[in-house]
Amino acid sequence: MSRRQLRAVTWTAAATGGTPYPSLSLIDQTALPHTLERRDVTTVDQLIDAIVRLVVRGAPAIGAAGGYGVALAMAQAEREGWDRARLDAEIARVRAARPTAVNLMVCVDRVAARVDEGITAVLAEADAVVREDLEANHAMGAHGADWLLKRVGPGTGRPLRVLTHCNTGALATAGWGTALGVIRELHSRGLIEAVYADETRPLLQGARLTAWELVQEGIPHYVQADGAAAGTILRGEVDAAIVGADRIAANGDTANKVGTVAIALACAHAGIPFMVAAPTTTVDLATPTGDAIHIELRGEDEVLEWAGVRTAPASSRGHNPAFDVTPGSLVTALVTERGVLEVGAGELPGDHLK
């Protein structure tokens with residue numbers, strides 16, 4: 001399957017062989033890279049489980065799933081006879097399925113505002129969310145590539161070597177990518193020498209998902225341990241780091257997959273750009289600083305076990321924050337669909353929302 005056709009989240013309006021109801025079809029990202037499988041979701045419980053278990057993941061993709069989740073709840077309400085209070089409660093459950101990524105809340109609220117107009121209007125709004133995200137991804141890819149080439153390109157005299165963390169490609173979005181979208185744009189111009197993809201502990205989104213997407217695109221890359229990233233940067237083997245975001249505070253503090261802040265610190269020490277690529281829907285002006293971002297703590301077993309086998313002593317506890325917060329002062333550039341802001345130099349995310 002071409003990555004240009006890859007969609008992590010799609011709505012199926014008619015019954016299929018797998019389900020007698022309208023469904024939300026999700027690429028099961030827990031099965032990659034070994035198999036490309038889809039899961040048909042027909043109930044709110046199934047959708048919440050898919051979001052929590054990371055069958056669908058990545059802030060924009062979760063936002064899209066949440067938008068369609070409103071329609072899913074409406075369809076379930078009709079066949080099970082829910083009253084409006086129950087419907088509203090089930091939509092609220094979808095909205096709260098993961099607490100850090102603001103896109104989920106924004107998209108659910110946007111789509112839910114049309115519930116009184118009926119499911120056709122709700123689906124039209126969810127479709128618009130997906131369409132706008134795809135357009136935004138392409139725009140930020142071009143903006144980010146242009147900025148990097150002006151900032152880094154003239155000094156290298158060769159294609160760029162970039163580092164990325166977690167997965168920010170078609171699997172994490174409506175079908176193109178945020179940080180990986182910038183990398184794809186650079187590659188399309190023949191300007192990627194190599195990508196260093198952090199494995200991204202503890203669930204290996206980089207090794208399993210980003211590397212898989214890079215293979216589909218034919219982009220040369222290395223998978224490295226998260227702990228190798230800072231050394232790779234400080235040895236001068238990287239020209240820039242490009243990451244995504246799950247929430248960006250009004251002052252530019254950025255929540256992203258745990259391990260990101262260490263990359264930003266290494267970039268600052270090495271004097272190379274640390275770029276965050278995210279749509280404006282990820283900017284949360286109601287959150288003043290990163291201190292106000294709720295950091296999701298996931299289950300201890302994700303760090304105490306591997307493939308169901310205990311790897312830590314039986315009495316050990318697990319600390320498993322899914323995200324960390326990078327101070328805005330370390331963000332060299334924030335690229336959105338509207339352009340590039342040099343946050344570390346004093347430009348603020350709100351400048352793109354005026």
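These numbers were taken from a predicted model, which means no experiment stands behind them. Computation of the quantities below employed the complete heavy-atom set of this structure, encompassing side-chain atoms and omitting hydrogens, waters and symmetry-equivalent molecules.
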Atom pair [atom1]/[atom2] of [X] and [Y] - distance to nearest 0.5 Å:
X      : Y      : atom1 : atom2 : result
Asn137 : Thr336 : CG    : OG1   : 11.5 Å
Trp147 : Leu341 : CH2   : CG    : 11.5 Å
Leu163 : Asp239 : CG    : CG    : 11.0 Å
Arg184 : Gln216 : CZ    : CD    : 10.5 Å

### Query
Leu149 and Leu180: same hydrophobic cluster, using ILVMFWY side-chain contacts below 4.5 Å?
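As far as the 4.5 Å side-chain criterion goes, Leu180 and Leu149 are connected within one cluster.
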### Query
Under the criterion side chain to side chain contact (heavy atoms under 4.5 Å, CB included), which of Glu132, Glu337, Glu135 is the partner of Pro279?
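Considering Glu132, Glu337, Glu135, a side chain to side chain contact (heavy atoms under 4.5 Å, CB included) with Pro279 is found only for Glu337.
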### Query
Do you know which of Arg201, Glu302, Glu300, Glu296 makes side chain to side chain donor-acceptor pair (under 3.5 Å) with Asn320?
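The passing option is Glu302.
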Which heavy atom of [X] sits nearest to which heavy atom of [Y], and what is that distance?
X      : Y      : answer
Gln205 : Asn167 : O-CB, 3.9 Å
Leu123 : Ala71  : CD2-CB, 3.5 Å
Arg310 : Glu305 : CA-CG, 4.0 Å
Ile27  : Arg7   : CD1-O, 3.5 Å
Val44  : Ala73  : CG2-CB, 3.7 Å
Cys166 : Thr210 : O-OG1, 2.6 Å

Would you check if [X] and [Y] make a side-chain contact, meaning some heavy-atom pair closer than 4.5 Å?
X      : Y      : result
Met74  : Leu87  : yes
Pro349 : Leu334 : yes
His319 : Leu297 : yes

### Query
Going by atom types alone, do Asn103 and Thr281 pair a side-chain donor with an acceptor below 3.5 Å?
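Asn103 vs Thr281: donor-acceptor pair found between side chains.
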### Task
Would you check if there is a donor-acceptor pair between the side chains of Thr100 and Asp246 at a distance under 3.5 Å?
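No, Thr100 and Asp246 have no side-chain donor paired with an acceptor closer than 3.5 Å.
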### Task
Tell me, with the steps shown, if Asp28 and Thr30 meet side chain to side chain donor-acceptor pair (under 3.5 Å).
CA-CA 5 Å; Asp28 186 348; Thr30 68; 2.5 Å; yes
### Message
Walk me through whether Val111 and Tyr68 qualify under side-chain contact (heavy atoms from CB on, under 4.5 Å).
### Response
CA-CA 8 Å; Val111 174; Tyr68 285 120; over 6 Å; no
